[in-house]
Amino acid sequence: MGLERTQRVRLALGLHPAFPVMTVGGTNGKGSACAMLEAILHHAGYKVGCYTSPHLLRYNERMRIGRIEADDSALVQAFAAVEKARGDTVLTYFEFGTLAAVWLFAQQRVDVAILEVGLGGRLDAVNAFDADCALVMSVALDHVEYLGSTREAIAYEKAGIFRGGRPAVCAEPQPPHTLTRHASDIGAQLLQINCDFGCIADKTQWQYWGPRGKRNGLPYPALRGTYQLANAAACITALDTLRERLPVTMNDIRGGLLQAETPGRFQVLPGRPAVILDVAHNPHAAAALADNLACMEAAADRGARTLAVFAMLGDKDIGGVIDALKTHVDHWLIAPIAGPRGTDTAVLRRHLDAAAVVMPVTECASIAAACTQACEMAKQNDRILIFGSFFTVAAAMQALAPRGFSGLK
């Protein structure tokens, strides 16, 4: 990992963005923050470039301009520009894509670019571009083989996207000292949740408070989950720091919060039984998923079950994810993920046994087969939860679309 290759090709491409850049990092919550920032700025009339990862079904999902995915011809043009400029420099898949995205945004003359960090922050390809405002949404254990095995080590990597003299917004309620110390050392303008900004929830709306005062009567975001209020508050704070270059109104904030969408993040498909798609693949994300399920369970009919289609990658904390969700699942349908990082059902079953899961476990030949079986087993008031990885959700989307489920792109 390193920025030397990306910087070399960036200079060869002549990429010196004149538009503001907002960089979004963190263990979880990055996709939600990108979606809310994108929707609010789009509502305000700006031409917004948004680069996110990974994709679910199409690479085009990673690059959006005006909330529309880049088409194949635009992607090919961007890839050709990077390929020509790189010469003998070898780029990783993500480095190549990041450079292509920013090149495309420059060609399309966007008003602002939102760049989601892929891994860590300090050495991530996105960090080759200086952020006018950087956001760190959360700090939890994930990708420990690259970022370190402690929250302190991981926080230092994520704080690497901060820039001296520029706003640095942190939505992690308990940031490790390595993050705050790095911000202080480089002179970043750190704004922390519950210290410099925050939110107060009510039954039907919520209130934001921050350096620029309060905003009352805000609608709950279209993105589900109580934790989304903290994400939304961080986004409003970030936008406030760029208000001289990118002013937005209260109407833009309200409209953007209601229009933001992130497929695969606690996405509940219309109809019954309820089908919930969630890419949660670490204990922190699984705990948030468990909280959302608890809210659904409290409002559900007695006797309603949760059937879980579950598949994970082998380099993730499988046991930690199971521990977070085991009390919310009535029947596990486990499936393999192919490839060197994947796991088979025998590995998943061992983790379920180690977690003392007593609910029934059914081994399925594939994620598609598990989805089919869950649909056949589920009664009208039950829930089908599909989670564990982007690979899991992507395979489920492909399997469910022919069955007539709406809400799948």
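A 4.5 Å side-chain heavy-atom check between Arg215 and Gln207 finds every atom pair outside the cut-off. Two residues are said to be in side-chain contact when any heavy atoms from C-beta on lie closer than 4.5 Å; Cys170 and Leu179 meet this criterion. The closest side-chain heavy-atom distance from Leu385 to Val309 is not below 4.5 Å. Taking 4.5 Å as the limit, every side-chain heavy atom of Phe129 sits out of range of all side-chain heavy atoms of Thr23. Residues Met36 and Leu223 are in side-chain contact: their nearest non-hydrogen atoms beyond the backbone lie under 4.5 Å apart. Using a 4.5 Å heavy-atom cutoff, the side chains of Val169 and Cys133 are in contact. Met137 places a side-chain heavy atom less than 4.5 Å from the side chain of Val24. Using a 4.5 Å cut-off on side-chain heavy atoms (C-beta onward), Lys316 and Arg341 make contact.
Pairs of residues two or more places apart, or lying in two chains, that qualify as side chain to side chain donor-acceptor pair (under 3.5 Å) and include a residue from residues 159-185 are Asn127-Arg163, Asp130-Arg163, Arg151-Glu172.
The backbone N or O of Gly314 lies less than 3.5 Å from no partner atom in the side chain of Thr343, so there is not a single donor-acceptor pair. At least one donor-acceptor pair closer than 3.5 Å links the side chain of Tyr46 to the backbone N or O of Pro247. For Lys326 (side chain) and Ile322 (main-chain N/O), no donor-acceptor pair under 3.5 Å exists by modelled atom type. Using a distance-only test at 3.5 Å, with no hydrogens or angles considered, no donor-acceptor pair links the side chain of Asp344 to the main chain of Pro336. One N or O on the side chain of Asp132 and one on the backbone of Val21 form a donor-acceptor pair closer than 3.5 Å. With hydrogens and angles disregarded, no donor-acceptor distance shorter than 3.5 Å links the side chain of Asp353 to the backbone of Arg350. Judged by distance alone, the side chain of Arg10 and the main-chain N or O of Leu15 form a donor-acceptor pair under 3.5 Å.
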Please table the atom pairs, donor to acceptor, closer than 3.5 Å between any side-chain atom in residues 361-370 and protein atoms at least two apart or in another chain.
{"residue": "Thr362", "atom": "OG1", "partner": "His331", "partner atom": "NE2", "Å": "2.7"}
{"residue": "Glu363", "atom": "OE1", "partner": "Thr345", "partner atom": "OG1", "Å": "2.9"}
{"residue": "Glu363", "atom": "OE2", "partner": "Arg349", "partner atom": "NE", "Å": "2.7"}
{"residue": "Ser366", "atom": "OG", "partner": "Ala369", "partner atom": "N", "Å": "3.0"}

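Between Tyr51 and Phe94, the ring centre distance stays below 6.0 Å.
One finds the NE2 atom of His55 at 10.5 Å from the CD atom of Glu69 (value rounded to the nearest 0.5 Å). The distance from atom OG of Ser138 to atom CG of Asn231, rounded to the nearest 0.5 Å, is 8.0 Å. The distance from the CG atom of Leu3 to the CG atom of Asp124 is 8.0 Å, given to the nearest 0.5 Å. The distance from the CG atom of Leu289 to the CD1 atom of Ile276 is 7.5 Å, given to the nearest 0.5 Å. Rounding to the nearest 0.5 Å gives a distance of 5.0 Å between CG of Asn60 and CG of Leu75. A distance of 10.5 Å separates CZ in Phe391 from CG in Leu56, rounded to the nearest 0.5 Å.
Ser32 and Gln228 share a donor-acceptor pair across their side chains, judged by distance under 3.5 Å alone. Side-chain contact annotation: His42 with Arg67, donor-acceptor N/O pair under 3.5 Å absent. Counted by atom type alone, Asp240 and Thr237 present zero donor-acceptor pairs between their side chains at under 3.5 Å.
Ring geometry for Phe390 against His281 counts as tilted: the plane angle lies between 30° and 60°, on a 0 to 90° scale.
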Yes or no on side-chain contact (heavy atoms from CB on, under 4.5 Å) for Gln267 and Met397, after CA distance, side-chain angles and deciding distance?
CA-CA 11 Å; Gln267 180 182 2; Met397 285 180 163; 3.5 Å; yes
For Gln205 and Leu218: C-alpha separation, side-chain torsions, deciding distance, then whether side-chain contact (heavy atoms from CB on, under 4.5 Å) applies.
CA-CA 5 Å; Gln205 52 189 226; Leu218 291 170; 5.8 Å; no
Apply side-chain contact (heavy atoms from CB on, under 4.5 Å) to Glu297 and Arg383, showing your working.
CA-CA 9 Å; Glu297 290 162 1; Arg383 294 168 293 274; 3.5 Å; yes
Evaluate the side-chain contact (heavy atoms from CB on, under 4.5 Å) criterion for residues Thr27 and Asn282: first the C-alpha distance (whole Å), next the side-chain angles of each, then the deciding distance (0.1 Å), finally the verdict.
CA-CA 9 Å; Thr27 306; Asn282 57 55; 3.8 Å; yes
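Of all non-hydrogen atoms in Pro219 and Leu258, the two that sit nearest each other are CB-CD2, 3.8 Å.
Environment of CZ in Phe96: crowded, with over 12 heavy atoms of neighbouring residues, nucleotides or ligands closer than 6.0 Å.
Taking Phe387 as the reference, Phe310 meet the ring-ring contact (aromatic ring centres under 6.0 Å, His included) condition, with sequence neighbours excluded.
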